[in-house]
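A quick write-up on the structure given underneath.
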Amino acid sequence: MQQAPRAIIHVDMDAFYASVEELDDPSLVGKPVIVAGLGRRGVVSTANYEARKYGVRSAMATSEARRRCPDGVYIYPRHDRYAAISEVVFGVFAEVTPMIEGLSLDEAFLDVTASLRLFHSVEAIGRRVKDAIRERTGLNASVGMAQNKLLAKLASELSKPDGFLAIAPDQVRGYLDPLPVGRMWTVGKVAEEALHKVGIRTIADLMQADDWRLNRAVGERHAAQLRQLCRGDDRRPVVTDAPEVSIGSEWTFEYDLEDLGTAEAWLLRQCEKVGARARARGVEARTVSVKLREPPFVTHSRQAQMPVTGNATPDIYAVARRLLQVWWNQHPRPRLRLLGVTLSGFDARRGDEQQDMFATPATDKRSDGVQDMINGRFGAGALVRAGVLKTRGSE
Ligand code: TTP
Ligand code: MG
């Protein structure tokens, strides 16, 4: 079926956390700046472009970053500050369209098809967004414009930093063909290697490959999907009702928790709650954060990425538990007054066409589905995992 032409914008702030730090402390400008966990097992959240020259990257161990860039300025993340600036940025989006799909604090898709009449061209809208972000926050956003999400995101990535690029339909091949296949959405490490093995290295190679070669490499289903994507054909809608940028749940205890097993049981309970809310909204998260408050008021936040986006309780809990355990083991006398879990970095998954595009989930979700149904009918907490029962009575 032929789709009506759409105008999609992808906006992604440049080196977001690090740029906020430079904004607040101009003496950092020009220096390599790394925003990272600073403990022994700390991980890099992001590095400014100066630090990237040394090979420092997001998700790298801070110890490795220090080896590569010993003279860098290392800063502990200030999530509240980044969230406040993110609100200003999303306020700009709301001035050009109500159809906003936030992917993280610093990244969103906008469907501006209906706004074209008012603003004349997608470039005019993109320019307005970029300029307003710059004026109101002092930060640079990269802006990509095209007929769908795939190409709009590619446009912002290719033009970053301080990017501004529109890809018109007759330019699609010129941009896509030379790209390595690994850059294509849905091609992870395993698929990339399989494609290399049959001699497919670029998107142009993939376009020319015959069916049996492509099918042999990645299977028929993924092959068909890849052909479509490599044509630059992506029908995913901008999902505006992706509810919020994060889903969180936290609990303050009357008595401090002093034993890891009990803390884990509470954590599992929080994971069930946020997982159920994410599943009810049909969104999958990339990032899991835990909030830990030592009595009386020292609050810590730890976050990590899930191996693949998800909303299954066991997947969320696996990440959250590791974060809790690492924190717990680093403390000589760990005690908790408050414990919370937050999901963010959402990927909206709705509609049959869209579901078709995604690979097999990491965990069997049937048990979550049954649990959600029973809790929906009998009230949250009617059915909980066995580990959670430990929390009963200490509320
Ligand atoms: P990104 O947009 O992926 O990165 P960035 O904005 O720092 O840099 P770029 O110019 O390449 O867009 O992520 C946005 C913010 O999210 C980033 O500043 C820090 C945070 N983040 C993490 O905390 N952990 C991670 O693994 C990644 C990828 C990002
Ligand atoms: Mg960014």
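Along the sequence shown, residues carry numbers from 1. Atoms within each ligand, like the ligands themselves, are counted from 1 in listed order. Owing to the predicted nature of the structure, the values given are computational and were not obtained by experimental measurement.
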Requested in this report: Output yes when a side-chain donor or acceptor of Asp256 lies under 3.5 Å from a complementary backbone atom of Arg335, and no otherwise.
Outcome: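 No, the answer is negative, given that no donor and acceptor are paired below the 3.5 Å cut-off.
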
Query raised in the report: Do Leu336 and Trp266 come within less than 4.5 Å of each other through their side chains, counting heavy atoms only?
Result: no

Identify whether the distance between the nearest side-chain nitrogen and carboxylate oxygen of [X] and [Y] falls below 4.0 Å.
| X | Y | answer |
| --- | --- | --- |
| Lys149 | Glu101 | yes |
| Arg78 | Glu21 | yes |
| Arg67 | Glu64 | yes |
| Arg235 | Asp233 | yes |
| Lys197 | Glu193 | no |

Query raised in the report: In degrees, rounded to 10 degrees, what angle do Asp12 atom OD1 and Asp106 atom OD2 make at the Mg ion (ligand 2)?
Result: 90°

Query raised in the report: Are any N, O or S atoms from Thr46 nearer to the Mg ion (ligand 2) than 2.8 Å?
Result: no

**Report entry** Under 4.0 Å from ligand 1, counting heavy atoms only: the protein residues, by chain and number
**Finding:**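 Answer by chain and number: Asp12, Met13, Asp14, Ala15, Phe16, Tyr17, Ser45, Thr46, Tyr49, Arg52, Ser58, Asp106, Lys160, Gln305.
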
